[in-house]
> 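Let me begin by handing over the structure; questions about it come next.
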Amino acid sequence: MSTAAAENSTPAKGAPEPPGNEKKASFKSSGARPGDAIFSSLSVGSGLIIFAVLAAIFIFLLIQSLPAIENWNAIPTNSGKQNLLEFVGPLVFGTVLASLLALIIAAPIAIGIALFISHYAPRKLAMPIGYVIDLLAAVPSVVFGLWGGVWLVPLMQPLYTFLNTSPLTSWIPFFQGNPHAPMRNVMTAAIVLAVMILPIITAVSREVFLQTPGLQEEAAIGLGATKWEMVRMVVLPFGRNGVVSACMLGLGRALGETMAVLMVLSPGYTYSLHLLEVGRHMTIASFIASQNAESTGIDMAKLIFAGLVLFLITFVINALARWIVAASARKK
């Protein structure tokens, strides 16, 4: 009887489908529900927005910098005409130099703090330290600039003088030159940047280290490894990809930092490796911030071109970080 009812409910051959049956049949045949299709579309669209925004930024920078690119060999300066590459080259050098110095200073300290919080500190101590690190990331950059210019510069002056004059260190090319007070040099700017990126690297590395499988740690301890040997053989290899990503995030923050560097660094436009000399270096972001208010026409175009170069540098560094992480994952 049930079979007959089912046959009677089946529409006759060639008869039109009732309204709504086509949609139900399509979702049933595809195995998806309407909610799943809507959620999938929204997710894909949200992901594509990132690419659309990046493309829009790149196109905007490229179009706005075309006047400078078209007149690349006759960029006006205070002393005459200048090649566009000669204009942006020292800025790129200063940006990369300050950011790499900051990363070299901050990365070992941040990894050490992350390991202390995740594997050495008691829980009652680890939680407050973690909160303080997270709060440090929320401090405005102008506050770091004031701290660096008012307190750090005078504090570091005796150390810089020692490094420049002592027979133990004066032979090192980085510490040579003729530094003079106030020592608002690229080294001070790098220290300020290191403090700024320290919480970013620490927070990400801490979360990665906390994800280390407990069974692997216990197995290493059970085989007779000390705490440090367990960290070296289990925790650090497990978190290597995450630490690389954290360092690249910190480097990206350092590359784009503006106000703190502008308030600490005396500007200069050379390719000098003398880290203690004043008036030798300048970063792209700080230069744009200092010149933007009074620039028009081709002067504004060359500033936008500098921003385009900074955008490409950041993109290349992030792509390199992704490549490093992917290559490391393949080796595993």
> Take atom OH in Y120; do more than 12 heavy atoms of anything else shown fall under 6.0 Å from it?
yes
> State, with a plain yes or no, whether a side-chain heavy atom of H281 is found less than 4.5 Å away from one of S272.
yes
> Run L320 and W323 through side chain to side chain contact (heavy atoms under 4.5 Å, CB included) and show every step you take.
CA-CA 5 Å; L320 179 62; W323 179 81; 4.2 Å; yes
> V53, F315: one ILVMFWY side-chain cluster at the under-4.5 Å cut-off?
no
> Evaluate the side-chain proximity of I317 to I313: yes if any heavy-atom separation is below 4.5 Å, no if none is.
yes
> Any chance you could measure I69, atom CD1, to I298, atom CD1, to the nearest 0.5 Å?
11.0 Å
> I need the S141 OG to L262 CG distance, nearest 0.5 Å.
10.0 Å
> Hey, does M183 have a side-chain heavy atom less than 4.5 Å from the side chain of M156?
no
> Would you confirm whether R184, through its side chain, and M263, through its main-chain N or O, come within 3.5 Å as a donor-acceptor pair?
yes
> For D36, does its backbone N or O pair with a side-chain atom of S40 as donor and acceptor, under 3.5 Å?
no
> May I ask whether L125 and I113 are part of the same hydrophobic cluster, defined by side-chain heavy atoms of I, L, V, M, F, W, Y residues being less than 4.5 angstrom apart, directly or through others?
yes
> With a 4.5 Å cut-off on side-chain heavy-atom distances among I, L, V, M, F, W and Y, is there a chain of contacts connecting V204 to I104?
no
> Assess whether side chain to side chain donor-acceptor pair (under 3.5 Å) is satisfied between N185 and T188, documenting all intermediate values.
CA-CA 6 Å; N185 48 40; T188 304; 3.1 Å; yes
> Applying the 4.5 Å side-chain criterion to the ILVMFWY set and letting contacts propagate, would V92 and F58 be lumped into a single cluster?
yes
> Quick check: closest heavy atoms across T95 and I284, and the distance to 0.1 Å?
OG1-N, 2.8 Å
> Is there a donor-acceptor pair under 3.5 Å between the side chain of S205 and the backbone N or O of V243?
no
> Are the aromatic ring centres of Y269 and F287 under 6.0 angstrom apart?
yes
> Can you tell me how far the NE2 atom of H119 sits from the NZ atom of K227, to the nearest 0.5 Å?
7.0 Å
> Checking S65 side chain against L62 main chain: does a donor-acceptor pair fall under 3.5 Å?
yes
> Find out if a path of hydrophobic residues (ILVMFWY) with successive side-chain heavy-atom gaps under 4.5 Å connects I57 to V316.
no
> Is the number of heavy atoms from other residues, nucleotides or ligands under 6.0 Å of F174 CZ greater than 12?
no
> Does any part of the side chain of Q64, heavy atoms only, come nearer than 4.5 Å to the side chain of L308, both counted from C-beta?
no
> Does the H180 side chain pair with the main chain of V278, one donor and one acceptor, at a distance under 3.5 Å?
no
> To the nearest 0.5 Å, tell me how far L275 CG sits from Y160 OH.
9.0 Å
> Dump the intermediate steps for side chain to side chain contact (heavy atoms under 4.5 Å, CB included) on V195 and L152, then the final yes or no.
CA-CA 12 Å; V195 176; L152 186 62; over 6 Å; no
> What distance separates I117 CD1 from F209 CZ, expressed to the nearest 0.5 Å?
11.0 Å
> Measure the shortest side-chain to side-chain distance between Q291 and D299 over non-hydrogen atoms and say whether it is less than 4.5 angstrom.
no
> Should F93 and T270 count as side-chain neighbours, where that means a heavy-atom distance under 4.5 Å?
no
> Work out which heavy atom in G250 is nearest to a heavy atom in I197; give both atom names and the distance.
O-CG2, 3.2 Å
> Which heavy-atom pair separates I105 from M187 by the least distance, and what is that distance?
CD1-CE, 4.2 Å
> Nearest heavy-atom pair of A68 and L84: which atoms, and what distance?
O-CD2, 3.9 Å
> Closest heavy-atom contact between V264 and G145?
CG2-O, 3.8 Å
> For L48, look at atom CG and say whether over 12 heavy atoms of other residues, nucleotides or ligands are found less than 6.0 Å away.
yes
> Can L136 and F144 be said to form a side chain to side chain contact (heavy atoms under 4.5 Å, CB included), step by step?
CA-CA 10 Å; L136 189 62; F144 284 108; 4.1 Å; yes
> Ignoring hydrogens, what is the shortest heavy-atom contact between P173 and H274? Give both atom names and the distance.
O-CD2, 3.2 Å
> Any side-chain heavy atom of I288 within less than 4.5 Å of one from T258?
no
> So how far is it from L103 CG to L251 CG, rounded to the nearest 0.5 Å?
5.5 Å
> Please assess M196 against E257 for the test side chain to side chain contact (heavy atoms under 4.5 Å, CB included), listing each intermediate value before the final yes or no.
CA-CA 9 Å; M196 296 181 68; E257 181 51 45; 3.2 Å; yes
> Do the non-hydrogen side-chain atoms of P199 and I133 ever get within less than 4.5 Å of each other?
yes
